[in-house]
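Heads up, the thing below is written out as structure tokens.
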There are 2 protein chains.
Amino acid sequence: MHTDSGLKKMLSANIEIRDYLAGLIKQSRLKQNERLPSERELVEQFKSTRITVRDALSKLESEGLIYRSNRRGWFVSPPRLEYDPSSRVNFYLLAEQQQRTPATELISQKRIKGPQVARTTLAVAADEKLIELVRLRSLDGRPVLYEFIYLPESRFPELMKKDLEGSLTTLMQRDYNVEITHEDNRICVSAVYDQVADALSHINGAPCLEIRRIRYEGERKAVEFDIEHWVHSAIELRIPSH
Amino acid sequence: MHTDSGLKKMLSANIEIRDYLAGLIKQSRLKQNERLPSERELVEQFKSTRITVRDALSKLESEGLIYRSNRRGWFVSPPRLEYDPSSRVNFYLLAEQQQRTPATELISQKRIKGPQVARTTLAVAADEKLIELVRLRSLDGRPVLYEFIYLPESRFPELMKKDLEGSLTTLMQRDYNVEITHEDNRICVSAVYDQVADALSHINGAPCLEIRRIRYEGERKAVEFDIEHWVHSAIELRIPSH
DNA sequence: CAGTGGTCTAGACCACGAT
DNA sequence: TCGTGGTCTAGACCACTGG
């Protein structure tokens, strides 16, 4: 008996479909942000079923080659935004440096107790409220980032009267004299649900790139805690060192 | 007519199953590395179908709460390894600092032309060969990292006679007098296929965390190019700055 | 060998987007 | 209203794992 280890595997149907679409994309027969054929059209073309077609599409989604827009269809991903989380370049500047059009929508602003992890991180007193900002950021009209920002109210009085759709770093510096000395970023693959999934035009449980950030002024004083959920195909992190 | 926007959504079946299993895990009713009930058992328990059960499982997988082992079952993820790619701590030390048992298997070592991206990055001459090392790294017996390493042969003569399962950084320093001055890491979510997927006990097209790294000795001389594919639930990157 | 997940068939109904 | 993707039913066969 020999084993198959040296032989090529049979292509399964979903890989065939994936390879076909990946080919179209790589040859630019499908251009960036162009819609793919509908799932039912692909079913016909490949004499297959929607389960199999959707398997192929979700593989392409995992790779970042395509993205979905809820109930509208599947689209070819544009190049990823290169993002160095440790740099102080803000979102607008970053996007424009890479010939993209940024936009920010403030989804909500609240004075709340906030999640325990934020309270602990920011070391606020038991009776102190946090300010929670929820923002949705887009590139060329496509939502790519849903973020929660927590700030200690005591350090930022009157914050909620300001313009909160621009660069927070700039605002903090200008109006509150905050100088960020260092930060701590944690990055992992996670999943989005409910309002986050909806806003990013994703399904419940779709993978995302999650960045949790703590910003400090001075050695130990945390003044900002963020949780960012990125559409994973929209971003590539770049971490230079030393 | 009112809209539903203020109301709670109906739970779909796959979310119900997800929530049930997520609850068991968070309450430690299922312990780390413990196998979940089989898909068919869950089908019975929830009077559902495998499609729906697998939807729920893949959501939990995206979140990193569970991982799969090919055709063996689904298992509860242990805590993520915290990894600072810019630190010089090697894999063994890192794992042991976090009470994990590391292992490395050298899958292959070859003298080859190598992929164009590696040749360009390392700026090798047209006739020079690269050394390609392929390694699989595990934590507590679970494969978590499949990596391709490219090195210019001219800088590392006789490399293939050495022990290539330990720390390369240490080896390069000791035997070749290489002092890494800086590096450039790029991180994105991608997907694994074929031998990578097999080795990580994943299915084709499953998402992974991909790290591409260039190491330099001196300002511009690249001496190492790596592509790492991490099982995403096994890792959390930690990037301190300034 | 039995049991597992991996892949697939051939449909169905629904919610939502575009028009 | 129609077409889209999102969810689901009720099965089937295959490849591989582990005893």
Side-chain angles (χ1 to χ4, degrees), chain A residues 1 3-5 7-18 34-44 46-61 66-75 141-143 192-194 197-206, chain B residues 1-5 7-18 34-44 46-62 66-75 141-143 192-194 197-206:
Chain A
M1 290 287 291
T3 73
D4 275 353
S5 50
L7 305 177
K8 281 220 169 151
K9 281 203 188 153
M10 282 290 297
L11 279 187
S12 42
N14 73 58
I15 297 290
E16 235 178 290
I17 300 173
R18 187 217 81 95
E34 188 175 340
R35 223 199 82 201
L36 272 63
S38 80
E39 295 179 5
R40 285 165 179 88
E41 282 168 354
L42 292 169
V43 166
E44 283 220 13
F46 287 94
K47 306 273 177 257
S48 186
T49 62
R50 276 188 69 207
I51 296 280
T52 304
V53 165
R54 282 172 68 80
D55 260 10
L57 292 168
S58 76
K59 284 172 173 45
L60 290 164
E61 186 188 32
I66 66 174
Y67 64 94
R68 68 176 88 204
S69 181
N70 211 333
R71 288 173 216 273
R72 291 202 316 124
W74 299 87
F75 298 81
R142 170 191 174 204
V192 290
Y193 286 94
D194 303 328
D198 286 348
L200 295 177
S201 214
H202 267 304
I203 56 174
N204 267 331
Chain B
M1 289 287 289
H2 74 288
T3 73
D4 275 353
S5 49
L7 304 178
K8 281 218 171 155
K9 280 199 190 158
M10 282 292 296
L11 277 189
S12 42
N14 74 59
I15 297 290
E16 236 177 290
I17 301 173
R18 187 217 82 93
E34 187 175 339
R35 222 198 83 200
L36 272 62
S38 79
E39 296 178 2
R40 285 166 178 86
E41 282 169 354
L42 292 168
V43 166
E44 284 220 13
F46 288 94
K47 306 274 177 257
S48 187
T49 63
R50 277 188 70 207
I51 296 280
T52 304
V53 165
R54 282 171 69 79
D55 261 10
L57 292 168
S58 76
K59 284 173 172 46
L60 290 164
E61 185 188 31
S62 295
I66 66 175
Y67 64 93
R68 68 177 88 204
S69 181
N70 212 332
R71 288 174 216 274
R72 290 202 316 123
W74 299 86
F75 299 81
R142 169 191 175 204
V192 289
Y193 286 94
D194 301 328
D198 285 348
L200 294 176
S201 213
H202 266 304
I203 55 174
N204 267 330

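These values consider heavy atoms only, across backbone and side chains, with no hydrogens, waters or symmetry-generated copies.
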Checklist entry - Is a side-chain N or O of S201(B) found less than 3.5 angstrom from the main chain of N70(B), in a donor-acceptor match? => result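 It does hold such a pair.
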
Next on the checklist: Can a donor-acceptor pair be found, under 3.5 Å and without considering hydrogens, that links the side chain of N204(A) to the backbone of D194(A)?
Outcome noted: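 Yes; at least one donor-acceptor contact below 3.5 Å.
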
So, is [X] near the phosphate of [N], with a side-chain N or O under 4.0 Å from OP1 or OP2?
X      : N      : result
S48(B) : dC8(D) : no
T52(B) : dT9(D) : yes
S69(A) : dG5(D) : no
R68(A) : dG6(D) : yes
R54(B) : dG6(C) : yes
S38(A) : dT4(D) : yes

Grab the [atom1]-[atom2] distance between [X] and [N] for me, whole Å please.
X       : N       : atom1 : atom2 : answer
H202(B) : dG5(C)  : NE2   : P     : 16 Å
I203(A) : dT7(D)  : CD1   : C1'   : 10 Å
E61(B)  : dG6(C)  : CD    : P     : 9 Å
L42(B)  : dG3(C)  : CG    : P     : 17 Å
D55(B)  : dG6(D)  : CG    : C1'   : 9 Å
F75(A)  : dA18(C) : CZ    : C1'   : 11 Å
R50(A)  : dC8(D)  : CZ    : P     : 13 Å
R18(B)  : dT7(D)  : CZ    : C1'   : 17 Å

Checklist entry - From the list dT7(C), dT9(C), dG6(C), which nucleotide is the closest neighbour of the side chain of W74(B)? => result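 Among the listed nucleotides, the one closest to the side chain of W74(B) is dG6(C).
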
Item to check | Polar side-chain contact R40(B)-dG5(C) base: donor and acceptor under 3.5 Å | outcome: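 Yes.
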
Checklist entry - With a 4.5 Å heavy-atom cut-off, do F46(B) and T52(B) have their side chains touching? => result no

Below 3.5 Å is the cut-off: list the nitrogen or oxygen pairs between protein and nucleotides 17-19 of chain D, distance only.
unit_1  : atom_1 : unit_2 : atom_2 : d
dG18(D) : OP1    : R72(B) : NE     : 3.2
dG18(D) : OP1    : R72(B) : NH1    : 3.3

Item to check | Taking every non-hydrogen atom, the tightest pair across K59(A) and G205(B) | outcome: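 Closest approach of K59(A) to G205(B), heavy atoms only: CG-CA, 3.7 Å.
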
Item to check | Over all atoms of both residues, closest heavy-atom pair of L36(A) and L57(A) | outcome: CD2-CD2, 3.8 Å

Next on the checklist: Heavy atoms only, 4.0 Å cut-off, all strands: where does I51(A) land among base, sugar-phosphate and nothing?
Outcome noted: base

